Amino acid sequence: MSAQILDGKATAKAIKAELKERVAALRAKGVVPGLGTVLVGDDPGSHSYVNGKHRDCAQVGIESIRRDLSATATQEEIEAAVAELNADPACTGYIVQLPLPKGRYENRVLGLIDPAKDADGLQPSNLGKLVLMEEAPLPCTPRGIVELLNRYDVPLKGAEVVVVGRGVTVGRPLGLLLTRRSENATVTLCHTGTRDLAEHTRHADIVVAGAGVPGLITKDMVKPGAAVLDVGVTRTDDGLAGDVALDVTEVAGYVSPNPGGVGPMTRAMLMVNVVEAAERRLG
Ligand SMILES: Nc1nc2c(c(=O)[nH]1)N[C@@H](CN(C=O)c1ccc(C(=O)N[C@@H](CCC(=O)O)C(=O)O)cc1)CN2
């Protein structure tokens, strides 16, 4: 048996083509969506992701606004960039690329984002709305994972899902999304303190691995036919390494590749969030 590939790259391309038409309709009504990014420091991954986000904007017809700050930028300078984007009418939504360099207070910065311009769903009051099951922009990676599973008809209702990783951009919000009534999955959130990870993953219909540990999920840890999504990114001397061993495809029913799986979906969902926020302006 060989797993079906959950092709995030192709799916993201199709989503962006749909969005291009929605953006054209918005522009025809006088609403010009503009995505702002705040990028601090020299991390090559963060630079590559932000550049990709602006390439997506150009493809879809969204204006780009960049605030690139040096690695020595102070907390006050970062907060000033956020205040500028809050006040800029051309910026209809924006993100602060994470992680910030060591010593900066990420949660404080996220707390200063105007909730109405939060394109990432990571502003604390929007995350709170997710907990309260109220409408809010959704964090991009969890939203991308759910969208990818839906587009490939991987059943979520009643599914046992094991999420590996408890970070704020993936693991925690993904658990909240998947347990909404609309998804109705049962979620086990595993992390570095989990005693026997394999014992959990072996019973899962869907495994989402975002721990940042290369090759963490091996084929003996996967139930035959399960869906396995690789969200882990580790930069090694040999290039990018995911959390899922390649031979998992021999056992799994569905596998998202890495690269080319959840990463492009994360970017596509950012574009969706920006377009939806602009559409809300029309009422
Ligand atoms: N403010 C945010 N910061 C971060 C988020 C986020 O959602 N909001 N998520 C991650 C990084 N991320 C988005 O910013 C992201 C990760 C991966 C990709 C992607 O397209 N990856 C490609 C490979 C790219 C490469 O070669 O480097 C793939 O998987 O095919 C896009 C966005 C942490 N920070």
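Every number for a ligand or one of its atoms is a count from 1 in the order of the listing. All values reported here derive from a predicted model rather than from experimental measurement.
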Under a single-linkage definition using a 4.5 Å side-chain heavy-atom cutoff for Ile, Leu, Val, Met, Phe, Trp and Tyr, are [X] and [Y] assigned to the same hydrophobic cluster?
X: Val163; Y: Leu148; result: yes
X: Val187; Y: Leu130; result: yes
X: Val228; Y: Ile206; result: no

For a 4.5 angstrom cut-off between non-hydrogen side-chain atoms, does [X] reach [Y]?
X: Arg66; Y: Asn51; answer: yes
X: Thr11; Y: Tyr152; answer: yes
X: Tyr94; Y: Val82; answer: yes
X: Thr141; Y: Met265; answer: no
X: Leu127; Y: Pro139; answer: yes
X: Gln97; Y: Lys53; answer: yes

More than 12 heavy atoms from other groups under 6.0 Å of CG on Asn107: no

Sole candidate of Val96, Leu110, Ile113 that passes side-chain contact (heavy atoms from CB on, under 4.5 Å) when paired with Gln123: Ile113

Polar-atom distance check: [X] versus ligand 1, any N or O pair below 3.5 Å?
X: Tyr49; answer: no
X: Gln97; answer: yes
X: Asp120; answer: yes
X: Leu98; answer: yes
X: Gly261; answer: no
X: Val96; answer: yes

Looking only at protein heavy atoms, which one is nearest to [atom], and how far off is it?
atom: atom 20 (O) of ligand 1; value: Gly263 C, 3.3 Å
atom: atom 25 (C) of ligand 1; value: Leu240 CD1, 3.7 Å
atom: atom 9 (N) of ligand 1; value: Thr141 OG1, 4.3 Å
atom: atom 30 (O) of ligand 1; value: Gly260 N, 2.7 Å
atom: atom 14 (O) of ligand 1; value: Lys53 NZ, 2.6 Å
atom: atom 5 (C) of ligand 1; value: Thr169 CG2, 4.1 Å
atom: atom 23 (C) of ligand 1; value: Pro259 CB, 3.9 Å

Proximity of His47 to ligand 1 by residue part, where a heavy atom lies under 4.0 Å: neither

Atoms in ligand 1 flagged as close to [X], the criterion being non-hydrogen separation under 4.0 Å:
X: Arg267; answer: 20 (O), 31 (C)
X: Arg235; answer: 27 (O)
X: Ser48; answer: 27 (O)
X: Pro264; answer: 20 (O), 28 (C), 29 (O), 30 (O)

Min heavy-atom dist Gly52 to ligand 1 below 4.0 Å: no

Side-chain donor-acceptor contact under 3.5 Å, His200 with Thr194: no

